[in-house]
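Have a look at the structure below before the remarks.
Counting starts at 1 for both ligands and their atoms, in listed order.
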Amino acid sequence: EETTERNYYTRYHNMSEVTAWMEQMKRENPDVVSSMVYGQTYERRDITLLKIGLSSTGRKKAIWMDCGIHAREWIAPAFCQYFVREILRTYKTDTKVNEMMKNLDFYITPVLNVDGYIYSWHNESTRLWRKSRSPGTGGCTCYGTDLNRNFYANWGMVGVSTDCCSQTYCGTKALSESEARAVTDMLGKMREDILAFLTIHSYGQLILVPYGHPNISAPNYDELMEVGLGAAKAIKAVHGMDYTVGTSPDILYANSGSSRDFARLIGIPLSFTFELRDKGEHGFELPEDQIQPTCEEAYAGAHHIITYAHDKVF
Ligand code: PAY
Ligand code: ZN
C-alpha cells in the first residue's frame with residue numbers, strides 16, 4: 001500500500017497525503033478506526049478527526065489530541081500520524097494499550113488548521129505561515145488569525161495582538177474563526193468524557209500546563225505539574241532529550257485564548273500543550289531525519305499522560 005511503505009513515518013506529508021492516509025487507516029482497521037468531519041475551515045475544507053477505540057456499548061471516556069493548529073509546525077501532524085500508527089500497531093499485543101483501547105476512545109485531529117497547512121506547503125515563501133487563512137477586516141489587508149489565541153479563555157487579555165498583520169492576532173472576537181468554533185463545539189459535547197486534552201505544537205521542547213494568564217492558576221496545578229514532569233522523564237528516557245515543564249508565563253510567555261486553557265476552563269482536568277523539537281537550531285523546519293526520534297520520545301510522553309488519566313478512572 002502506498003502509505004505504509006517503510007519510510008512513510010519518517011517524512012512530512014502534505015494535506016492530500018494525510019487525507020489519503022486517514023482513509024487507509026479506516027480501510028485497514030475498520031473495527032477500530034472511524035472518522036468524523038466536525039467542522040469546516042474558512043476556505044470550506046473539512047476538519048476531520050479519527051476516532052479510535054475498541055467498540056463497546058454505551059458512552060466511553062475519551063482522549064483528545066489535535067495537531068497542526070499552527071500551519072508551519074510540520075512535526076505536529078507527523079506526530080499525530082505516528083501516534084495513530086503506534087496504537088494501531090501495538091493494541092493487540094500490548095496489554096496496557098489494549099486495555100486503554102477498550103476503555104477509551106481516542107479523538108485525533110491530524111491537521112486542525114487545514115487551510116494554513118496547505119498554504120505552508122504552497123511554496124517556499126509561505127512555508128512559515130502560522131495562522132488561519134481568513135482575511136482581515138475593517139480595512140486591514142493581512143490574512144489570518146492565530147487560532148491559538150481565538151478560544152474563549154480570557155480572550156484578548158495578554159500575549160495577543162489586535163493588529164491583523166501580527167502572528168498572534170487574536171481575531172475580532174473570541175471564536176471569530178470557524179476552526180476554533182469546530183473544536184469548541186466538539187469539546188462542549190464531549191467535555192464530561194474527556195480525561196485528557198493534548199494539543200501538539202513545535203518548537204521548544206516544552207510541556208505547557210494551564211494557564212497562559214499569569215494571574216490565574218489551575219486548581220489541580222500540582223497534579224498537572226507532577227504528570228507533566230512524569231511525561232518529561234519518560235521523554236528523556238528515550239533519546240535523552242530535555243523537555244521543560246510549566247505554565248507559559250513561567251517558561252515561555254504569557255498568552256490568552258489558547259485551546260489548552262479553554263479545555264481546562266470547561267473542566268477537562270488534564271490539559272497540556274506539547275512543544276516538540278527542537279530548541280531553535282532548525283525551529284519549524286525540523287529536518288526529516290529527526291521525525292522518528294522526535295515522535296518516539298513524544299509518544300512516550302503522551303503515553304505517560306494518557307496512562308495516568310486512564311488509571312485514575314479505571
Ligand atoms: O501557552 O499555549 C501556550 C503557547 C503555545 C504556543 C503559542 O501558541 O504561542 C507557543 C508557540 C507555538 O508553538 O505556536 C511557540 C513557537 C516557537 C512560536 O511560534 O513562538
Ligand atoms: Zn504553535
Counting heavy atoms only, which part of Arg149 comes closer than 4.0 Å to ligand 1: side chain, backbone, both or neither? side chain
Using the ring of each side chain (for Trp, its six-membered ring), is Trp121 parallel, tilted or perpendicular to Tyr117, with breaks at 30° and 60°? perpendicular
Got a salt bridge between Glu99 and Lys96, using NZ or NE/NH1/NH2 to carboxylate O under 4.0 Å? yes
Any non-hydrogen atom of Gln167 lying under 4.0 Å from ligand 1? no
Gly283 near ligand 1 by a heavy-atom separation under 4.0 Å: no
Could you list the atoms of ligand 1 found under 4.0 angstrom from a heavy atom of His201? 12 (C), 13 (O), 14 (O)
Show which atoms of ligand 1 fall inside a sub-4.0 Å distance from at least one heavy-atom site of Asn148. 2 (O), 5 (C), 7 (C), 8 (O)
Does an N or O from Ser258, backbone or side chain, lie closer than 3.5 Å to an N or O of ligand 1? no
So for ligand 1, is Glu73 a polar contact partner (N or O within less than 3.5 Å, distance only)? yes
Side chain or backbone of Tyr203 under 4.0 Å from ligand 1, or both, or neither, by non-hydrogen atoms? both
Identify which protein N/O/S atoms are less than 2.8 Å from the Zn ion (ligand 2). His70 ND1, Glu73 OE1, Glu73 OE2, His201 ND1
Only one of Ile268, Thr273, Leu270 passes side chain to side chain contact (heavy atoms under 4.5 Å, CB included) with Phe197; say which it is. Ile268
For residues 106-114, run the donor-acceptor check on the side chains, cut-off 3.5 Å, and write out each pair with its distance to 0.1 Å, sequence neighbours left out.
| from | atom 1 | to | atom 2 | distance (Å) |
| --- | --- | --- | --- | --- |
| Thr109 | OG1 | Tyr38 | OH | 2.8 |
| Asn113 | OD1 | Gly116 | N | 3.0 |
| Asn113 | ND2 | Ile69 | O | 3.2 |
| Asn113 | ND2 | Arg130 | O | 3.4 |
| Asn113 | ND2 | Lys131 | O | 2.9 |

